[in-house]
Amino acid sequence: MINERMYQLGSQPNFIRKQFAYGLQRKAEIGEENVFDYSIGNPSIPAPPAVRARIEELLEEPPEQLHAYTMSPGLQSARQAVADNLRERFGIEATFNQVYLTAGATAALYITVAAITHPGDEVIVNAPYFAEYKVMIESAECTCVEVPMRESDFQLDIDALRQAINEKTAAVVINSPNNPVGCVYTQQNIEELAALLEEKEAELGHPIYLISDEPYREITYGVDVPFTANFYTDTIVCYSWAKSLSLPGERIGYVYVSDRIANAAEVSAAVAGAGRALGFICAPVMFQRVIETCIGEPTNVEAYRQNREILTSMLDELGYEYIQPDGAFYLWVKALEEDSLAFNEKAKEHELLLVPAECFGGHGWARASYCISADVIRNSRKAWAALKADYE
Ligand code: PLP
């Protein structure tokens, strides 16, 4: 008999993918230029030329070596490159044995949650949040506890987190720069979180891990993203090159268990064990080798900055409210009615494809992914204007 939960997950694909598929269908029906698809977070800029050069170089290697298995956590040289990069950028004494390469941030998060929880534990997420967190947490037979961010400034609500933490709390997941809001938590906010978690660890007598999901770390617009492991000891970073190097389909990322954790080697062993138990071993090898040499390649943030300008100026003119994004490539737009699902349906009538806040554990807002071509953004003006007119 098939597993009912798995059946549900498989037969009800996530809304964003549904919306994306709908967009493809509409483009085929009415022409690409008539659909304004802000649904999915697929980077619109190409991977840096160094990636292609590296792949070409690798293709010269004997195939039986190039395509061979690596050790489960990945090639030592690639893990060393990650550790060196973290040490150079953030001054943390990172070592390669604390780095576990994965098939993207998704695998990194699954492994991390499995490594540090027991069935019945609670894992806190800050809403709105990347919806797959709930699937991951529930897959580990834990409860996903949603704590809303402060709606005044979309920073972590430390008082609300304090209320939510209890003896069952195993971890808190944060994501900055944030999907879907585009906010970046300030250093002060991270320091307050660290102080709270330290206090609660002492009070409850067990670790509360901070899982820092950072696939958008490099995509920022003039603000710093504090490196959480420098502020809180029990930190585990989950990272992906999907966005920074525009490699989403190549599935490459890592788990970094902070070297500062008192029993860091044991936590790393649990990470490796979770990788084994879940089948996330030996991340795609070609891209382990790409990362080894391309890790320092700068992210082309300029294109997203330009898109952000075009979109926000347009929405300013039309009178929409939104949260000015400091990072990532998402705009969090206030829905023009309380029911953001209904707002999303109205937008669809104008071929404007957004993602309603409900998909992120929120309501009253919609997400627009602006990692699309600047022309699509410019041409979508009439759709945004018509949507606004529907409410006037
Ligand atoms: N975490 C967040 C916040 C994301 O937005 C995404 C992808 O969009 C992921 C994790 C998953 O990243 P990956 O594609 O590397 O698995």
Side-chain angles (χ1 to χ4, degrees), residues 13-20 37-45 47 51 74 82 99-114 123-137 139 144 146 149 154 156 171-185 210-220 225 228 236-256 275 278-280 283-284 287-288 290-291 295 299 304 325-332 355 357 359-362 367-372:
N14 95 23
F15 181 94
I16 300 174
R17 289 187 194 274
K18 257 199 279 190
Q19 187 83 320
F20 180 61
D37 185 357
Y38 286 89
S39 67
I40 205 165
N42 233 342
S44 51
I45 56 170
V51 168
V82 173
V99 176
Y100 188 103
L101 298 177
T102 58
T106 303
L109 288 158
Y110 267 96
I111 287 177
T112 302
V113 171
V123 177
I124 295 176
V125 299
N126 296 277
Y129 63 98
F130 178 59
E132 295 301 301
Y133 292 158
K134 191 173 164 74
V135 184
M136 292 163 191
I137 293 165
S139 294
C144 176
E146 297 177 6
M149 288 186 223
F154 284 94
L156 298 166
V172 176
V173 182
I174 64 168
N175 165 227
S176 173
N178 184 264
N179 173 12
V181 177
C183 56
V184 172
Y185 303 135
L210 178 59
I211 302 176
S212 191
D213 179 25
E214 310 191 345
Y216 302 95
R217 165 167 286 284
E218 289 78 15
I219 303 174
T220 57
V225 183
T228 41
I236 303 178
V237 176
C238 294
Y239 183 82
S240 168
W241 286 278
K243 320 288 173 174
S244 57
L245 294 185
S246 297
L247 297 173
E250 304 300 352
R251 317 305 302 133
I252 188 76
Y254 63 80
V255 179
Y256 169 62
L278 297 170
F280 291 128
F287 280 82
Q288 292 190 36
V290 167
I291 287 318
I295 192 166
T299 304
Y304 300 132
D326 285 328
F329 38 51
Y330 304 107
L331 191 73
W332 197 233
V355 183
C359 296
F360 307 99
R367 187 192 79 173
S369 297
Y370 57 85
C371 47
I372 55 179

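Start at 1 and go down the list; that is how both ligands and their atoms are numbered. Note that the structure is a prediction, hence the values are computed from the model and not measured. Numbering starts at 1 and runs along the sequence shown.
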Measure the acute angle between the ring planes of Tyr133 and Tyr129, then classify it against the limits of 30° and 60° as parallel, tilted or perpendicular.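 Tyr133 vs Tyr129 ring planes: parallel.
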Please enumerate all residues that pass side chain to side chain contact (heavy atoms under 4.5 Å, CB included) together with [X], with sequence neighbours excluded.
X	answer
Cys238	Ala108, Leu109, Thr112, Ile211, Asp213
Ser369	Tyr330, Arg367, Cys371
Ala103	Ala107, Arg251, Pro284

Between CG on residue Asp37 and CZ on residue Phe20, distance to nearest 0.5 Å: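 The CG atom of Asp37 sits 6.5 Å away from the CZ atom of Phe20.
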Among Phe287, Tyr100, Trp241, whose ring pair (Phe, Tyr, Trp, His ring centres under 6.0 Å) with Tyr254 holds?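 Result for ring pair (Phe, Tyr, Trp, His ring centres under 6.0 Å) with Tyr254: Trp241.
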Let me know which protein residues bring a heavy atom to under 4.0 Å of ligand 1; chain then number is fine for ordering.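 Under the 4.0 Å cut-off, ligand 1 touches Gly104, Ala105, Thr106, Phe130, Tyr133, Asn175, Asn179, Asp213, Pro215, Tyr216, Ser240, Ala242, Lys243, Arg251.
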